[in-house]
Structures are given as C-alpha cells and as structure tokens.
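Written out below as structure tokens is the structure these notes cover.
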Amino acid sequence: MLIGFDLKEKIKDLKRSGKKTPKDIFDIGVAYWLLNPDEEEYTPENLSRKYLHKNFDGSNIEFDELYRFAEKKIKEYKLDKLFYEVEMPLIGVLADMEVLGIKIDLKNLKALDKDLGKNIEDLAKIIYQEAGENFNINSSQQLSRILFEKLKIDSRGTRKTKSGKISTDIDTLMDIREKHPIVQYILNYREFYKLQSTYAMPFQELIGKDGRLHTTYVQTGTSTGRLSSQNPNLQNIPVSSRASISESAKADKTIGDDWAVRLRKSFVADKGYKLAAFDYSQIELRVLASLSGDPKMIDAFNNDLDIHKMTAANVFNIPLEKVTPEERRIAKTLNFGVIYGMGANAFAETSGLSVLQARKFIDEYFSDFKRIKEWQGQVKEHARKTGYVINLNGRRRWLLNAVSMFRGEAAEAERAAINMPVQGLAADIVKMAMVKINEDLKKKDWQDKARMLLTIHDELLFEISEDIIKEAEKLIANLMETVYELEVPVKVNVKTGKDWGTLE
DNA sequence: CGCATACGCGCC
DNA sequence: AAACGGCGCGTTTGCG
C-alpha cells in the first residue's frame with residue numbers, strides 16, 4: 001500500500017517512467033479533505049498542527065500518526081466507501097488525464113491572439129478619444145473617474161464598490177450603455193482583453209513539448225466535492241461571446257465565428273481521433289428532484305419534459321404550450337437560484353424583475369414545489385443542530401456558522417448547506433463515472449482509443465479513435481447514465497467533432 | 001521588489 | 001452592508 005501526500009504526483013512519475021502503479025493507495029491530504037473540506041491547505045505542516053496539536057518535524061513517526069488518525073476518522077465518519085472506492089481510484093484517472101493533456105492548434109491560437117491584440121489597440125485609441133485623455137482602461141478606479149466624474153454619465157441606479165467608487169462591472173456598464181458611446185467600446189475592450197490575457201496568451205506559454213496543454217486537477221480544491229483545475233484552469237474556457245466580430249476581422253476567413261468559439265477551436269483532436277463531449281443533462285436539478293422527492297419535479301424528469309418550461313407553466317399557472325421564451329427564462333433563473341438558496345433581491349437582479357415580483361415568484365415556486373421547500377428546511381435544521389451537512393454518500397461539510405449570532409453569516413451557512421448535498425452528489429456521480437469508465441476502457445483494451453481528457457463538473461471530454469467512436473459513445477454515455485441510480489432518469493448528451501469549438 | 005487585496009470575469 | 005452555491009486567474013493598487 002502506498003501511503004502519503006500528493007500521490008497523484010507520485011503516480012504520474014511512475015506512469016511517465018513506464019512503471020507499474022500500486023493498486024492500494026492512501027492519500028493523507030485527500031483523507032483530511034474528506035474529514036473537513038474547508039481547510040486552507042492539506043499539507044503535513046498544517047494538518048499536524050491542527051489535528052495532532054504539534055509542529056511538524058518531518059519524521060516518519062509523525063507521517064504515520066497523521067495517517068493513522070485519518071484512517072480512524074474516515075471509518076468513524078463512514079467515509080470509507082467514498083474514500084476507498086471513489087477518491088482513491090480517481091487519483092489514477094486524474095493522473096492519466098493530466099499526463100495526456102489536450103492537443104492545441106498553436107497556429108489558430110496565435111492568429112486569435114494577434115486578432116485580439118489588434119482589436120484591443122483599436123478600441124483603446126477610440127476610448128482615449130472619447131475620454132479626451134489617455135488612461136489605464138484596465139483600472140476600474142481610473143475608469144470610474146472617467147465615466148462618472150469626467151464624462152458625467154448619469155449614475156442613477158449604479159452600485160458602489162467597497163472602496164466607495166462607482167462600480168464599472170458588466171452589469172453597471174450594460175445599464176448605462178445607451179448613455180454614452182464610450183460604454184460599448186469599453187464592454188468590447190473588456191471582453192477582448194479577458195480572452196487575450198487569461199486564455200490566448202498564457203496558453204501559448206503552457207503548451208508542452210508534446211503540443212498539448214496539461215492542467216492540474218486539485219482533488220482537495222472545493223468544499224462541496226467537486227474538482228478544481230489550475231495552471232491552467234480548463235474548467236472556465238469561454239463558451240460564447242457577446243461582442244461581434246469587428247470589421248477588421250471580418251475580412252479574413254473566420255467570418256461568422258464567435259470569439260469564444262475561435263478560442264475553443266484551438267482545442268483539437270489528435271490525428272485519427274475526434275473529440276467527444278459527454279454532458280449530464282440538468283444533473284443538479286435531477287439530484288434535487290430525487291433528494292426532495294418532489295412529485296411534480298420527478299414527474300417532469302420521468303416524462304423527459306423541458307424542466308424550465310414545466311417550471312414556468314407551474315409558476316405562471318398556464319398550460320405548457322402557452323409558455324413564452326421570456327417566462328421560460330425567468331423559470332430557468334428560478335430553478336438555478338433555488339439550488340443556490342437565492343433570495344428575492346438576487347433573483348430580481350438577475351432576472352430583471354422588481355423585488356416585489358421576484359418575491360411573488362419565489363413564493364409561488366415553493367408553493368408549487370412544496371417538497372423542495374420542506375427538504376431545504378430539513379437540511380438547514382440538520383446543519384443548525386449538528387454543525388454539518390452530508391450528502392447521500394456521506395460526504396461532509398462543516399457549517400458551524402449555521403448558528404452564528406450574525407444573521408448574514410448564518411444565512412450564508414444555510415445557503416451553503418442546501419447547496420452542498422446537491423452539488424456534492426452531482427460531483428460524486430461524475431467521479432464515479434470517471435472511475436468506472438477508465439476501468440471498462442482498460443478491460444476492453446481501449447485506453448489508447450478512447451482517452452478521457454477533461455472533466456468540467458457535469459461534462460467529460462474525450463478524444464476517441466474514429467474507428468470505434470460510435471461504439472465508445474454508447475459505452476461511455478451508458479456508463480455515465482447508470483453509474484448511480486436516482487429517483488429520476490439520468491440523461492447524458494453527446495457531441496463530437498474535430499475541435500472543441502464545433503461539436504455536433 | 002514581492003505580497004495581499006480589491007475588482008472584475010470566465011466556467012458549471 | 002449584503003442580499004446566489006462552487007471555483008481560478010489577470011490586473012491594479014497600496015503597503016512593507
């Protein structure tokens with residue numbers, strides 16, 4: 001048995017040097033993360049100080065003590081199954097994905113970088129002209145001064161930041177878009193600058209000698225059970241952009257392409273392979289329906305209805321056929337908001353309704369889906385009574401603030417409480433699918449023909465050899481749908497293509 | 001100069 | 001004052 005910290009790194013080394021990897025492993029950091037997923041860092045130093053009440057001396061005796069304490073507690077909290085059957089086997093899967101990486105079309109990425117750079121320069125010139133002076137557009141403080149002090153744009157209804165300056169965030173800029181031509185230029189500038197500085201430029205530096213981009217998954221990176229991705233984060237690649245292609249770029253062959261799609265087109269399949277994205281359909285809402293046992297919600301999923309449309313029909317008391325796109329949009333916001341414990345103010349803000357209307361719709365929602373409200377009430381009560389919440393697999397999060405004397409803190413803990421069992425079970429399902437898929441692909445000797453590349457919370461991205469793609473699609477989608485049984489069907493959508501920007 | 005913080009924003 | 005759960009990251013700004 002291999003026991004220690006950062007076993008993913010050790011296993012990656014073994015894999016890279018072609019050595020066999022041990023079957024039984026115990027990652028001490030991951031174990032402590034299961035015991036409490038909200039620690040700052042899962043290092044021997046921190047854990048020793050907190051759980052053994054001593055300063056870490058680096059001795060084997062102390063490693064052993066940390067291990068034995070964790071092992072005991074994992075049993076005590078009934079986290080064995082999650083730890084030994086999901087998290088530990090997952091380490092090898094993550095190691096494979098990290099070592100393999102995803103192929104990048106560097107030419108495309110460089111061209112995008114260049115086009116973005118040109119647009120940024122052009123926009124900056126226009127913005128300086130409109131402002132009547134040169135300033136740092138990237139500084140929200142300077143921008144706030146230009147917009148609201150120098151140009152005196154009407155700031156009624158805007159929000160202030162902590163430091164007292166009027167906010168220049170996207171919502172504020174959208175609100176004042178009609179009031180001065182400079183605003184639209186700023187919006188476009190922001191979008192282009194983000195794409196270039198966060199994605200197009202740093203990615204070029206991070207591409208390996210193999211022409212592929214290798215992320216690092218942090219298994220102890222979240223409080224809910226999800227994975228996080230860093231250096232680079234491949235879980236927040238833009239999906240679509242708002243800004244249209246500028247005149248200067250229209251001249252070339254990228255016409256019609258969305259800027260974000262152009263970025264995604266830089267992620268490509270190897271020769272002889274295709275990319276395949278497997279996407280869980282509404283996994284969190286299905287989990288919520290299942291956990292709460294809400295009959296209307298369960299019925300909707302059993303009948304494969306459009307869940308947001310169904311919600312709209314209920315909240316607005318109209319037949320399904322009468323639901324307008326606007327009503328569906330509001331219902332969709334409501335569905336997601338409910339998972340997050342959203343209040344009337346936030347709902348009003350994101351949906352464009354008045355706070356009064358927002359309040360009314362939330363009330364209507366909870367009277368239509370009574371079991372959801374009941375379930376949330378039970379979870380909150382559990383958190384207050386015990387100081388923690390668990391999901392169906394025993395995954396645990398401590399929420400001692402649920403009884404905080406500060407209302408804000410207590411409310412925050414309650415929102416985290418109702419979200420964790422949902423987000424956390426969805427995360428477990430994806431992880432279990434990842435482990436099972438890798439096992440089955442190995443059994444079929446398909447590890448080189450169907451390679452798992454990325455996991456993006458409810459989506460798995462594969463690179464699959466063209467000769468087996470149909471078969472592999474069925475196998476993988478089926479495993480994902482059946483790895484964990486809910487009270488409603490679990491559904492997976494599959495899209496394939498030569499690159500990440502054009503999947504069908 | 002490095003570091004922490006505020007701000008802003010990309011994703012699910 | 002904040003008011004929506006979970007992340008990582010780039011830039012600016014102020015501080016030591």
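Sequence lines set the chain letters: A, B, ... in the order given, protein chains first and strands last, and positions in each chain run from 1.
Between Pro232(A) and Asn138(A), the one whose closest nucleotide on DNA chain C sits nearer the 5' end is Pro232(A). A residue-by-residue look at Ser139(A) and Val218(A) shows that Val218(A) has its nearest nucleotide of DNA chain C further toward the 5' end.
For dG8(B), the OP1/OP2 oxygens have no side-chain nitrogen or oxygen of Arg190(A) closer than 4.0 Å. Phosphate contact (OP1/OP2 of dC7(B), side-chain N/O of Thr161(A), threshold under 4.0 Å): present. Gln196(A) has no side-chain polar atom (N or O) that falls below the 4.0 Å cut-off from OP1 or OP2 of dG10(C). Residue Arg407(A) places no side-chain N or O under 4.0 Å from the OP1 or OP2 atom of dA1(C). OP1 or OP2 of dC7(C) sits under 4.0 Å from a side-chain N or O of Ser223(A). Proximity of Ser197(A) to the phosphate of dC9(C): no side-chain N or O atom is located under 4.0 Å from OP1 or OP2. Between dC9(C) and Thr198(A), no contact under 4.0 Å exists linking OP1 or OP2 to a side-chain N or O.
Atom name P, nucleotides dC1(B) and dC9(C): the rounded distance is 24 Å, in whole Å. Spacing of C1' atoms, dA4(B) relative to dG10(C), comes out at 15 Å, to the nearest Å. Between dC3(B) and dG5(C), the two P atoms lie 31 Å apart (nearest whole Å). For dG2(B) and dC7(C), the C1' atoms lie 26 Å apart once the distance is rounded to whole Å. dC7(B) and dA2(C): their P atoms are spaced 10 Å apart (whole Å).
Using a cutoff of 4.0 Å between basic side-chain nitrogens and carboxylate oxygens, Asp294(A) and Lys370(A) are not scored as salt-bridged. Look at Arg145(A) and Glu133(A) and you find a salt bridge, because one of the NZ, NE, NH1 or NH2 atoms lies within 4.0 Å of a carboxylate O, short of that distance. Salt bridge status for Glu87(A) with Arg395(A): present, with a side-chain N to carboxylate O gap under 4.0 Å.
Cation-pi contact between Arg396(A) and Tyr77(A): present, with separation from the ring centre below 6.0 Å and deviation from the ring axis of at most 45°.
Summarising the base pairing, dC4(C) is matched to no nucleotide, lacking a Watson-Crick or G-U wobble pair whose two defining distances lie under 3.5 Å. With a cut-off of 3.5 Å on both Watson-Crick or G-U wobble distances, the partner of dG14(C) is given as dC3(B).
Judged by distance alone with a 3.5 Å cut-off, no donor-acceptor contact links the side chain of Asn419(A) to the base of dG5(C).
For Gln230(A), counting side-chain heavy atoms from C-beta on, the closest listed nucleotide (dG8(C), dT12(C), dA2(C)) is dG8(C). Distance from the side chain of Lys194(A) is smallest for dG10(B) among the nucleotides dG10(B), dC7(C), dG10(C). When each of dC4(C), dG8(C), dG6(C) is scored by its nearest atom to the side-chain atoms of Gln423(A), the top-ranked nucleotide is dG6(C).
Within the 6.0 Å centre-distance limit, the rings of Phe316(A) and Phe361(A) are counted as a close aromatic pair.
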